[in-house]
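Here's the structure, in C-alpha cells; my notes come after.
Since we're looking at a predicted model, the values are computed, not measured.
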Amino acid sequence: RIAGGRILFKGRDILSMSDREIRALRGSEMAMIFQNPMTALDPVFTVGNHIAEVFQAHPHLRTGNVMAAAVEVLERVRIPNPTSQVHAYPHQFSGGMAQRVMIGMGLAGQPSLLIADEPTTALDVSVQAQILDLLRTIRQELKTAIILITHDLAITAQMCDRIVVMYAGQVMESSGTRDLFRAPRHP
C-alpha cells in the first residue's frame, strides 16, 4: 500500500508512471537482488536461462547469442568456469554462488540503480566478504548506485556513503555514514 509521497528516479515520479513505463525500467534501469537466491531462482531453469530471460525481456541490451551474453555475466560476477556453469541448475550452487547469479541477473541490464535486499544473509563471513567486495567493484566499475537494505551496521559502515535508519516503516534519521556512527540520534 502506498500511503503517500513520491518515489523519484532520475527526476521522474515512479508512482505516476504507467505499468508499461515501469516494466521498461525494471531490469534495464533498475534491478533487484533478493535476500534468498534459492527461493528467487526457479529450480527447473538453468542459471543461464535465468540470465538469458533478462536479455529476452530487454533485447536492446545485447547483441548476438543470449547464452554467450549469460556466460559473460557469470564471468563478471566471478563464477568459476562460467561456460559450463551456465548450464547448471540453482540447486547445484552454494548459497554464495547462487547470490552471485542473482547479482549477475541484476547486472545483465546494466542498471544505474541496484537494490540489494540483505544480500549477505545466511552466508558465512568469508563468502559475505566476497559478495560485499563484488558489490564494491560493481559500484566502482559500472558506476551503479546501490541501495543496500540490511540490519547489519558493520556492513553499512564499510559499504555505505549515506545511511537511512528506519523503524516500524518510518525514517528515524538520515545522514552520512561517519556522522551517523559519530553521533546517532536513534538507539
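Side-chain atoms of E21 and R12, non-hydrogen and from C-beta on, do get closer than 4.5 Å to each other. Residues P82 and E75 have side chains in contact (heavy-atom distance under 4.5 Å, counting atoms from C-beta outward). Side-chain atoms of I14 and I22, non-hydrogen and from C-beta on, do get closer than 4.5 Å to each other. Within the 4.5 Å cutoff, the side chain of R162 has heavy atoms near those of the S174 side chain. The shortest side-chain heavy-atom distance between F93 and I79 falls under the 4.5 Å cut-off.
Under the 4.5 Å side-chain heavy-atom criterion for ILVMFWY residues, a single connected hydrophobic cluster contains both L15 and M30. No single ILVMFWY cluster, assembled from side-chain heavy atoms under 4.5 Å apart, contains both V47 and V44. Note on L132: it clusters hydrophobically with M32, by side-chain heavy-atom contacts below 4.5 Å among ILVMFWY residues. Under the 4.5 Å side-chain heavy-atom criterion for Ile, Leu, Val, Met, Phe, Trp and Tyr, I163 and L153 are members of the same hydrophobic cluster. Clustering ILVMFWY residues whenever any of their side-chain heavy atoms sit less than 4.5 angstrom apart, transitively, puts L135 in the very cluster that holds I149.
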Please report the C-alpha distance between V86 and T46 in whole Å, then the side-chain angles of each, then the deciding distance to 0.1 Å, and finally whether the side-chain contact (heavy atoms from CB on, under 4.5 Å) criterion is met. CA-CA 7 Å; V86 77; T46 66; 6.0 Å; no
N49 vs M67, side-chain contact (heavy atoms from CB on, under 4.5 Å): CA-CA, chis, key distance, verdict: CA-CA 8 Å; N49 291 131; M67 279 307 175; 3.3 Å; yes
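Heavy-atom minimum distance, A154 versus D152: N-OD1, 3.0 Å. Of all non-hydrogen atoms in S94 and M38, the two that sit nearest each other are O-CE, 4.2 Å. When all heavy atoms are compared, the tightest approach of A31 to G106 is CB-O, 3.4 Å. A108 and F55 get closest at one heavy-atom pair: O-CE2, 3.5 Å. Across all their heavy atoms, P80 and Q85 have their closest contact at O-CG, 3.1 Å. The two residues I146 and A116 make their nearest non-hydrogen contact at CG2-CB, 4.4 Å.
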Distance-only donor-acceptor hits, side chain of residues 136-145, under 3.5 Å, sequence neighbours excluded:
residue	atom	partner	partner atom	Å
R136	NH2	Q158	OE1	2.7
T137	OG1	R78	NH2	3.0
T137	OG1	D133	O	3.0
R139	NH1	M159	O	2.6
K143	NZ	Q140	O	2.9
T144	OG1	P111	O	3.2

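The CZ atom of F34 sits 14.0 Å away from the OG1 atom of T121 when rounded to the nearest 0.5 Å. Distance check: M97 CE to Q130 CD gives 9.0 Å after rounding to the nearest 0.5 Å. In this structure, D117 CG and L148 CG are separated by 9.0 Å, a value rounded to the nearest 0.5 Å. In this structure, CG in L74 is found 11.0 Å from CG in L107, a value given to the nearest 0.5 Å. Annotation: the span from T83 atom OG1 to E72 atom CD amounts to 10.0 Å, rounded to 0.5 Å. Taken to the nearest 0.5 Å, the CD1 atom of I155 stands 4.0 Å off from the CD atom of Q128.
Annotation: E29, atom CD; neighbour count of heavy atoms from other residues, nucleotides and ligands within 6.0 Å is above 12.
Checking side-chain atoms of R100 against main-chain N and O of V77 turns up a donor-acceptor pair under 3.5 Å. Side chain of H87 to backbone of G48: no donor-acceptor contact under 3.5 angstrom is found. For E173 (side chain) and L180 (main-chain N/O), no donor-acceptor pair under 3.5 Å exists by modelled atom type. Put simply, the side chain of D13 never gets that close to the backbone of L8: no donor and acceptor are under 3.5 Å apart. Checking side-chain atoms of Q99 against main-chain N and O of P119 turns up a donor-acceptor pair under 3.5 Å. Judged by distance alone, with hydrogens and angles left aside, the side-chain atoms of T177 form a donor-acceptor pair with the main-chain N or O of C160 at under 3.5 Å. A donor-acceptor pair is defined here as one N or O able to donate and one able to accept, closer than 3.5 Å; such a pair exists between the side chain of E118 and the backbone of H151.
Judged by distance alone, the side chains of D124 and S126 do bring a donor and an acceptor atom under 3.5 Å apart.
Between H50 and F45, the ring planes are perpendicular. Angles over 60° get that label, and only those under 30° would be called parallel.
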